[in-house]
Structure formats: structure tokens, C-alpha cells
Amino acid sequence: MTGPVAIRLNQNALFIGGNSHLDLALLRHSTAHVMAAAVCRLYKDVQLDIGPSTEGGFYYDFDLPARLTPEDFPAIEREMAKLVAEDLPFERLEVGRDEARALLGGQRYKLERLADIPADQAISFYRCGDFIDLCRGPHVERTGQIKAFKLLSVAGSYYRGLETNPMLQRVYGIVAETQAEIDEQLTRLEEAQKRDHRKLGKELDLFSVHDEVGPGLIHWHPKGARVRAIIEEFWRQEHFKAGYDLLYSPHIGKAGLWETSGHLGFYSENMYAPMQIDEVSYYVKPMNCPFHIQVYKSHKRSYRDLPLRWAELGTVYRYEKAGVLHGLLRVRGFTQDDAHIFCTPEQIEGEIQRTVEFALEMWRAFGFTEIRAYLATKPAKAVGEAARWEQATRSLEQALRTVNIPFETDEGGGAFYGPKIDLKIKDAIGREWQMSTIQFDFNEPERFQLAYHGVDGKEHQPYMVHRALLGSIERFFGVLIEHYAGAFPLWLAPEQARVLPISDKQMDAAVALAATLQAAGYRVKVDRSADKIGAKIRDAQVAKIPYMFILGGREVEQGTVSVRSRTAGDLGSMSVEAATCRLGEDIAARR
RNA sequence: GCCAGCUUAGCUCAGUUGGCAGAGCAGCUGAUUUGUAAUCAGCAGGUCAUCGGUUCGAAUCCGAUAGCUGGCUCCA
């Protein structure tokens, strides 16, 4: 979107000036109204809810007897175009409550919305032709100011977002100043869809999900598994450097363990049914913490031992509702890059800070810089003393300020057992996914009676922090695929280089070169097809392989190799040493 | 789980009003031995997601189930 939207507001409307972002929001919201007006003209018995602007466009929620499908969009768009052509003014009306009720007639959702407006607040309606809607505003002046728009999708949406409420139909759309901008936005959406990890995962042969096995259960193919192995090895080394130790724990545990931890009480709807072993119930783990706690409790701990930082790539299984599963980003079995930090109250602030810094460092290493942080505070229902909550929340906030990343506060968004910091990043089409999480836990240390001996010789309860930096390896891989559009940098690429003989005459030399490079630790394959060189290059390019080493008669004779880069094209002939040197440089720079 | 839509070869997709199941790519075989993004020919590949119904006849119409997609709720 470019430039400020030049819109002058109705003199009755609340003035919002100068800011193009807000003007765009006005335009979007106004277009939502026009869409609602169009729907009311075309359909009978329309119950209206709300139609706000969103980050990318707008939507309006309706309840109507007809079921809307994208096939209905052209008719709605035509009706909207008529409303725009009529250039109707948006008129603001301020009315009393009784009059408002009368105006709303049989609009049940609107009447409920009206009841929510505080007594001291003005009640306003906006009229646009014969369409009138309870609305705070503001709006653009006239419908004629809406130049270009398009309806994109329709989906169900619970009234007020509550699962127990009726489901409304939500129609999404976009609006811009010119048709060209709409086309541009649609092209961007298409481009984003091309880097969807589900599409690339199939095309690049990275992973799969199978009906025969079950939804949300990921199969890592050789190439995906190779990338995963590199990620995990890097992760382990970074953790050792950061003062962590590694743990491995079982996949199942007795019911009693999950009772003590509280999971059977507060997390059972996400846990799979138990299995009977020797007449005892065992559960597959949805989390790793109770196991780490057992290790902690395996002997007495002193304040001199703390902090303990224990990490595990722990595979957990959680029941997720069928409708929420999404490629690698939302699955039922996944490996968390989990860790638990046990420390004294004095250490907590420093530990949180280094954890946040560690997380950002990790994200930077993988090429991510745009991350949003959220500080989630104490919810209404919570365990733990108020003073602890306060100290914990303060140290989280302090850490965010010290590392200087902007954050939003999610008031009351913490878990019942402690406050947390979440780091979120966006997928190819702008959906935000929670990745890193740093969570305090006041619940389990209490339930498991965790203790350490303090300087005073007395037993104290340690602070416990759960943290996952990448979140889960599955989700991280999904986001990574989209981030690089499948073209992994050399250090992560499952196949770093492919040797392409011009003809079969160079096959022996090609196999020998690949063997040499493989022995030196590079991931290299030979193209053994009978294709012409152009086709071999195309195959390698489509497979997004960073380097192609082309061997013709000349190269074999001179002991050189013609190097082609995925991004820069033909780099010309060079010695094998020069070529491997280039690989080494790219790997070191994580290019 | 809820609302809506979708499901045809390994992949991407055609398939008209209910009347013999199709293409490209990939695969295999053969020919070609090629100099920086697709060599040519042939062959093979299907319980049209599954189950049931309507019909003389169903990929096509109806119902159920499963999976997927877009959202909602929930979450790493």
C-alpha cells in the first residue's frame, strides 16, 4: 500500500488526520459497511454483527439463512459497485438508547452489542442509503471514495469468538485506492502461497503426512531429516556453549506422575487415552517437565548447584482438534526444543535475560530478525503467591527491556501456573505462529516439593522456568521452509551441490569428484541421467540446490570444475580447491 | 470440535446434460552423448477418497464416514 489515502471526513465524524494507516483502516471499515449493505440488498433475513478493518483488509460477520460460497461473491461485488457508483454519503446519527433499540428492530446481535455500550457513551449509527448500522465510526465521507475492492473468502466464525455461541458467516475482503493495487495484493498472496511449506514440502520431498498413519503425524523424508539433523546438531552445540546440559527422558509415564504434576487435572483434554501396563495406567507424555523434575529430585540439591539448565529435544504428543491441524505448523506429535531452568530467586532475572538473548541469537542464526514479543501476565485464576507473580513478571519485563525488543503486554494471558514471554513470527501469508516461549512455573515445584539447600542451611523452593526457543522442530521447520522459500542457505541445504557431467564420458570423473567432496563433509550427489546439460541444470535449479559443479571434457582435462550458483548463475571454471573454498565461505557466513 | 468448500495416475490438473477414464510432468525401456533452466520415441501407471443409496446406467445426483483447505475456538 502506498501513500496516504486522501479522504476527508464527514464533518460529524470523529476527526482522524494525517495518518495513512488510520485512513486505510477507515477505508477498510467503510468497505465492510458497503459489503454489509450489499448483502442486505441481496438477501433476506440478514442478521448483522460487526465488520472491522484488519491488518490486511476487512471482514463482516453475518447470520443469514443462505449459505454463502465464493460463487456468491461476484453478485455481492456487483451490488457493492452499484453502491459505490451511487456515491452515497455516510451519515452519522447520534441517538438515545430507546431510539437505538427501535432502529435495530429484530437485529439480535446488534441489540446485544448495544447493551454493551456504557451508559455514558454516545450511541451512534451510520446511514448509507437505506442501510443503517450501529457503529462507532468513523467512516469515509461517501461510498464513491471506495475505488477498488475484492472479496476473498468466507468462513465460519463464532459470535463473539465463543465456542458456545452460534456460528456466523464471515466474509473477508480487501480494498485499495486503485485496481492495480488490488492486483498487486492478489499477486503477493499468490507469491506467498508458492512458498507455503506444505506445497514446498511435497515439491522438495521434505516431509509427508499419511491417512494410513493419522492426521498431524509427520514423516520426515531423507532431505527433511537431513536438514533436521543439521538444525539439531547446531542447537545442541549452542546449548552446550550456553551452559546447558542435555537430558533424555521416556515417552510414557504412570498416571500417578501426571496426577502429581497436575496435568491430569488441567491438561487431560490434550492427552491421549492411557494404556494399561501390568495393571497400571500409563500416559504418553504431552510435556517433558515431570521427567526433568524427577532428575532434579534424584538427589539433594544445594544453592551451589544452581542454576541447573537442562535441555531436551523431547517428543511429545498432544490431542489437537481435527480442524486446527495445519501442515507442520500445528500437529499432534512434535519435538520440542525444551529446557527447564531451576534457580534461586536471586538468579531469576539474570536467567530470564540470558534466555531471551539466547532465543534471539538462535533466531538470528537462522536468518530471522522480525519477531514479535508478548508478555503474558497473571490471569484471573492462578496459583502461586502474589509476590512471586510480581517478581517473575517484573523479571520478564526487565529482560525484554534490557535486550531492547519491543513487546506487547497480553494482560491476563499467562498460564495459571505462571507469567510468560512468547515470541511469535509470521508465516508466508501473514499468519502469526507462536514459536519461542519462556514460562514461569509456580505449580510443579510446589506439587513435586522441589527444594534446594540455601546458604542458611534451610530448604527453599527453587524457581522453575520452562522454555522452548525454536518451539517445536516441526513448526520451526515449517516456518524455515517458508522463510527461505525452500532455497535453504548452504549450511542447511540437504543437498549442497550436484555434480553434472556434460555427457557420460565425464561420469567417472563426476563420481570421483562427488566422492572427494563427500569425504570432505559436503552433501553432494551426481546427476546420472541421460539428459542434456540444460535439463540437468534445470532439475538442480528446480530442486533449489545451491551449487552445480559442471564437468565437461575441458574441465576433466584441466582438472577444474565449472561452477554454477543457484542464485548468481554461471561462475566459470575454477580449480576444485577454489570451488570448495567457496563452499566453506558460504557455510561460515551461513549464506 | 464448529461453519463452508474440496478429494480423478507418484505430482499438477482436464473430464460437457448422468452414457467406454484423459493430458502434462515424474517413472520404466530404447535411441541420442549433448557446454549452463526441459532431446526424441515407446511402454506402464486408476476400486475416480471410502461405504451406502437413487438410476437401465454414477467420477458426475443424494447420504454417511475419513482426510485436506479457508476461518472460528484452542495452542509449540
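Proteins get letters first, then strands, A, B, ... in listed order; numbering begins at 1 in each. Because the structure is predicted, anything quoted here is derived from the model rather than measured.
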NA contact type, [X], heavy-atom cut-off 4.0 Å: base, sugar-phosphate, or nothing?
X      : value
A:Q193 : nothing
A:A530 : base
A:L325 : sugar-phosphate
A:I533 : sugar-phosphate

Sequence neighbours excluded - salt bridge (Lys or Arg N to Asp or Glu O under 4.0 Å) pairs with any residue from residues 416-443 of chain A: A:E55-A:K426, A:R372-A:E432, A:K420-A:D422, A:D427-A:R431

Which of these nucleotides, B:G5, B:U34, B:U69, is closest to any side-chain atom of A:R198? B:U69

So which of A:R467, A:E351, A:H340 actually passes side chain to side chain contact (heavy atoms under 4.5 Å, CB included) with A:R309? A:E351

I need the residues from residues 199-213 of chain A with at least one non-hydrogen atom less than 4.0 Å from RNA chain B; give them sorted by number, or say none. A:K202, A:D211

Let's see if you get this right: which residues in residues 563-571 of chain A place a heavy atom under 4.0 Å from RNA chain B? A:R564, A:D570

Would you say A:K505 reaches B:U34's phosphate, i.e. side-chain N/O to OP1/OP2 under 4.0 Å? yes

Scoring nucleotides 41-51 of chain B by protein non-hydrogen atoms under 4.0 Å (B base, S sugar-phosphate only, - none) yields -----------

Protein-proximity profile, nucleotides 71-76 of chain B, B/S/- by nucleotide at the 4.0 Å heavy-atom cutoff, equals BBBBBB

Treating a pair as Watson-Crick (purine N1 to pyrimidine N3 plus N6-O4 or O6-N4) or G-U wobble (N1-O2 and O6-N3) with both distances under 3.5 Å, list the stems of 3 or more consecutive pairs that involve RNA chain B. B:1-7 with B:66-72, B:10-13 with B:22-25, B:27-31 with B:39-43, B:49-53 with B:61-65

When only distance counts, do a donor and an acceptor, one from the side chain of A:E555 and one from the base of B:G35, lie under 3.5 Å apart? yes

